[in-house]
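Taking it in order: structure first as structure tokens, then the write-up.
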There are 2 protein chains.
Amino acid sequence: MNYTRDNMAGLLRSHEINPTHQRIEIAHALFSRQEHLSADQVMAAVNTRHSETSKATVYNTLKLFLEKGLVSEVIVDPSKVFYDPNTTPHHHLYEVDSGKLSDIDAGSVQISGLPPLPDGMVTEGIDLIVRVRRQP
Amino acid sequence: MNYTRDNMAGLLRSHEINPTHQRIEIAHALFSRQEHLSADQVMAAVNTRHSETSKATVYNTLKLFLEKGLVSEVIVDPSKVFYDPNTTPHHHLYEVDSGKLSDIDAGSVQISGLPPLPDGMVTEGIDLIVRVRRQP
DNA sequence: TGGCCAATCTGGACTTTGTCTAATCTCGCG
DNA sequence: CGCGAGATTAGACAAAGTCCAGATTGGCCA
């Protein structure tokens with residue numbers, strides 16, 4: 001799969017998102033890298049050379065992508081949210097000292113024995129985060 | 001177990017923390033409630049009636065408690081960190097719309113099939129968060 | 001083509017959470 | 001009693017994110 005800007009337009013449309021210039025650039029930044037980026041990093045990626053997209057638009061757009069299921073949020077660092085272009089079920093490995101975040105495929109991981117949910121509640125997601133640190 | 005202020009002093013000492021007035025109040029706020037509180041909520045709890053403890057002290061103290069293993073951090077909400085008086089291994093249930101956070105005992109939960117860690121890395125902790133939402 | 005309108009984007013002010021610093025306070029001990 | 005290390009404080013500051021009112025865009029139809 002090729003993450004050209006043209007393909008981004010299609011991707012956005014298939015998620016019922018009107019593909020504007022800014023949205024295409026933001027999607028491109030996330031998907032071509034296949035990495036976890038914070039809002040700040042998206043800003044920087046989109047505004048290399050000359051400033052093109054405002055802070056408000058970056059935040060609005062990421063929130064929109066999230067609602068439309070195009071990206072997911074990863075909350076591992078108290079100071080910033082990461083956005084993840086991988087929306088298939090998977091887990092995360094977080095290197096505490098470097099801040100590096102990587103995926104753990106959900107395929108082989110099994111979680112069992114979770115208690116029943118409170119009445120009238122539905123699961124929105126299960127986040128499994130393995131926090132690791134460089135051996136001292 | 002009884003979470004009197006006197007017992008708090010002993011608890012702090014047993015974790016190599018000099019038990020000052022402010023630290024005892026903060027420990028008392030966390031342990032007598034047996035709940036997850038944010039720094040803000042600790043501030044409010046400690047400063048009912050007249051202001052007694054400054055913001056800087058609350059933050060310093062929570063960080064100190066964390067280092068000394070007296071409390072643990074729970075990162076589920078991008079906007080604030082919760083502090084958890086329960087340091088035994090356990091997981092969390094987070095009600096997304098209300099912000100309510102509760103414990104899931106680790107006893108019956110099994111996680112298997114995690115891939116090996118990268119070389120030279122040690123696990124610092126495994127966070128399992130079940131995000132739920134009220135049925136629409 | 002030209003004009004219209006709704007959707008989108010923007011700068012900048014604002015809020016909230018948390019950090020930092022330099023000055024002050026406390027308290028055990030000689 | 002007075003000293004000094006450790007603790008506390010007020011308030012300035014930083015960073016992430018939100019909000020708003022006005023400007024821009026672009027698709028559509030005559």
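Letters go in sequence order (proteins before strands), and every chain restarts at 1.
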Do N86(B) and D103(B) have a side chain donor and acceptor closer than 3.5 Å? yes
Is T123(B) reaching over with its side chain to a backbone N or O of G125(B), donor-acceptor style, under 3.5 angstrom? no
Spacing between E25(A) atom CD and dT8(C) atom C1', to the nearest angstrom: 16 Å
Looking at E73(B) and V81(B), what are the two nearest heavy atoms and their distance? CG-CG1, 3.6 Å
Provide, to the nearest angstrom, the distance between the CD1 atom belonging to I24(A) and the C1' atom belonging to dT8(C). 13 Å
Between the protein and nucleotides 3-6 of chain D, which nitrogen or oxygen pairs are less than 3.5 angstrom apart?
none

Measure CG/L62(A) against P/dG17(D) and give the value in whole Å, please. 9 Å
Counting the atoms with a prime plus P, OP1 and OP2 as sugar-phosphate, which does T20(A) contact under 4.0 Å by heavy atoms, base, sugar-phosphate, or nothing? sugar-phosphate
Nucleotide dT8(C), atom P - distance to CD1 of I26(A) in whole Å: 13 Å
Got a salt bridge between D40(A) and K80(A), using NZ or NE/NH1/NH2 to carboxylate O under 4.0 Å? no
When the distance from CD1 of I17(B) to P of dA7(D) is rounded to whole Å, what number comes out? 10 Å
Does atom CD of E16(A) have more than 12 heavy-atom neighbours from other groups under 6.0 Å away? no
Quick one: L64(A) CG to dT8(C) P, roughly how many Å, whole number? 8 Å
Between R33(B) and A29(B), what is the shortest heavy-atom contact and its length? NH1-O, 2.9 Å
Closest approach of P115(A) to I104(B) (non-hydrogen atoms, all atoms of both residues): CD-CG2, 3.6 Å
Going 5' to 3' through nucleotides 14-30 of chain C and flagging B where a protein heavy-atom sits under 4.0 Å of the base, S where only the sugar-phosphate is that close, and - otherwise, we get ---SBBB----------
Does E25(A) have any salt bridge (charged side-chain N to carboxylate O under 4.0 Å, His left out) partners at least two apart in sequence or in another chain, and if so, which? R5(A)
Would you mind reading off the distance between H50(A) atom NE2 and dT10(C) atom C1', rounded to a whole angstrom? 17 Å
Check the orientation of H92(A) and H36(A). Use parallel for under 30°, tilted for 30 to 60°, and perpendicular for over 60°. perpendicular
